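Counting starts at 1 for both ligands and their atoms, following the listed order. Note that this is a predicted model, so its numbers are computed, not measured.
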Amino acid sequence: MLPRCAFSVCHVFVLVLCLSSAEDFDWTKNGHSSFHYGTFPAGFSWGAGSSAYQTEGAWDKDGKGLSIWDVFSHKKGKIQRNDTGDSSCEGYHKIKDDVSLMKELKLNHYRFSISWPRLIPTGIKSDHINEKGIQYYDELINHLLESKITPVVTLYHWDLPQVLQEKYGGWQNISMVNHFNEFASLCFERFGNRVKYWMTFNNPWSVAVEGYETGEHAPGLRLKGTGAYRAAHHIIKAHAKVWHTYDTQWRGKQKGLVGISLSGDWGEPVDISNQKDIEAAERYVQFFLGWFATPIFHGDYPQVMKDFVGRKSVQQGHGTSRLPSFSPQEKSYIKGTCDFLGIGHFTTRYITQKNHPSARSGGSYFTDRDLAELVDPRWPDPGSEWLYSVPWGFRRLLNFVKSQYGNPMIYVTENGVSEKMLCTELCDDWRIQYFKDYINEMLKAIKDGVNVKGYTAWSLLDKFEWDEGYSERFGLYYVDFRNKNKPRYPKASVQFYKRVISSNGFPNQREVENWRRKAVETCSSSNQLLAAARRKSKEHAEMPKRNSGVLLPIF
Ligand code: NOJ
């Protein structure tokens, strides 16, 4: 990355002043590249995140039941290199170590999820409650609070109990609504005296589309054209039910908030003067974020989804729309069930109109939208294939949320960037750049009037990245997965993020450039430590073990 600071300090100030006043925080103007120096509102909450299956390991310890991800990852050919989350980061055994890392970062909050089958092994509360699972989360929550770190808890980060999948078909079945509500009630009962921020679901888009339409994720079903819509329908109902349960039974005593974490890429029209592209880009966002947010804020699916899926379903000979509908009672029950909105955002696409003739395509979530996604080859893409760094898309998405859903309270629940496994480089300059620019666009969005209250860097640690296994690393901390103790090493981005947190933003160009330089300088010592540890473990593995004078083979 090129250093920005080639000007004298005086020039820099003039430039900064010009940029901020000229831009005037009008997000519709194309001021993509200007950086805004300034701080976040007092009390802004800085955090990092994780999820149970991705980090805990201990997949079969202390009475935990199987989840759909345990089963899916054990099937050959589903995950890169057949990796599993069996031991992952061993987070289950490392509460103290990980809370120390959070303290080092000076986090205000930590976002994690509760594994449903760790608490209720079959998923059905009346069958059995696993007290050891409760103890684990008790301990984690208590450690966080002792360290003045606010726990932000997700109830469902994709690890459905396997029994519920086998018995009922998982989210294809309406009975999940009550089972999930029972699980949520148990969490409110046992942890709600200490946990005040709850999220029902994480990224239900992925659960529905990748779990039940493309089959890339657990449970791996390919119910093209119907599976995702049906799963989403039940998830939205389950979310609403849990919100009402909290509202009527727990809010009075516990005084917490219940939201949902939705993910959404931004869709920008390829040609901003072409009405068809503008509408296609709008459809992209409505089929992504709007699919879940519109029922929750307005009581029903986006009109454009109803129109497109409805029309195509009829053309394909279906009697009714493949998109299920809500009754009037359901609409009013679902509307307004969100105390805050969690937003997970990573990337952006250019969108253009593209017809997918109904009869030929047979119907799928993807062809229902009648659009094509494009990327600019100049966008940086350091890690995951789908993840291009396009910071300005973040500001646009946040402004979209403000204008569409009545300026709700927002917590950014995920934002970050990966690198490939083979890269053992701790000097992650590109991640610093990504965080710097995305966090800055969030600051601009706040100046636009978007009500963002907190930010969660994704993720605290490298971890199991779903169907990509351990091949993509999102962590601020590097985890050496080849060592069975799973030691953690800080990447340079730890130093940078720490400074952003302690300054509550970006005080001025000189300081921010300084943080960055220092972060990259100090990481070379962590690099050496990691390299030395690697050499040691290699030597150890290569050294023949002696046992009463007999040489033993090493496997
Ligand atoms: C969203 C998911 O919620 C999270 O689990 C995953 O690690 C990130 N996307 C990155 O792919």
(message) Tell me whether ligand 1 is touched by Glu468 - counting only heavy atoms on the residue side and a distance under 4.0 Å.
(response) no
Side-chain donor-acceptor pairs under 3.5 Å in residues 342-349, sequence neighbours left out?
| from | atom 1 | to | atom 2 | distance (Å) |
| --- | --- | --- | --- | --- |
| His345 | ND1 | Gly264 | O | 2.7 |
| Thr347 | OG1 | Tyr388 | N | 3.0 |
| Thr347 | OG1 | Tyr388 | O | 2.7 |
| Arg349 | NE | Glu373 | OE1 | 3.4 |
| Arg349 | NH1 | Trp386 | O | 3.3 |
| Arg349 | NH2 | Trp386 | O | 2.8 |

(message) Quick check: Trp458 and ligand 1, any N/O pair under 3.5 Å apart?
(response) yes
(request) Check salt bridge (Lys or Arg N to Asp or Glu O under 4.0 Å) between Glu104 and all other residues, then give those that pass, not counting sequence neighbours. (result) Lys498
(request) Give the atoms of ligand 1, by number and element, whose distance to some non-hydrogen atom of Lys463 is under 4.0 Å. (result) 7 (O)
(message) Once you restrict to heavy atoms under 4.0 Å, what part of Trp386 touches ligand 1? Side chain, backbone, both or neither.
(response) side chain
(message) I need the nearest protein heavy-atom contact for atom 10 (C) of ligand 1: residue, atom name and distance, please.
(response) Glu465 OE2, 3.2 Å
(message) Any nitrogen or oxygen of Trp158 lying under 3.5 Å from a nitrogen or oxygen in ligand 1? Just yes or no.
(response) no
(message) Please confirm whether the ring centroid of Phe188 lies under 6.0 Å from the ring centroid of Trp198.
(response) yes
(request) Identify the protein heavy atom lying closest to atom 9 (N) of ligand 1, giving its residue, its atom name and the separation to 0.1 Å. (result) Glu414 OE1, 3.5 Å
(message) For Asp448 and Asn399, which I'm curious about, is there any donor-acceptor pair between the side chains at under 3.5 Å?
(response) yes
(request) Describe, in one word, how the ring planes of Trp458 and His157 are oriented to each other, choosing from parallel (under 30°), tilted (30 to 60°) and perpendicular (over 60°). (result) parallel
(message) Could you check whether Lys64 pairs with Asp70 (Lys NZ or Arg NE/NH1/NH2 to Asp/Glu carboxylate O, under 4.0 Å)?
(response) yes
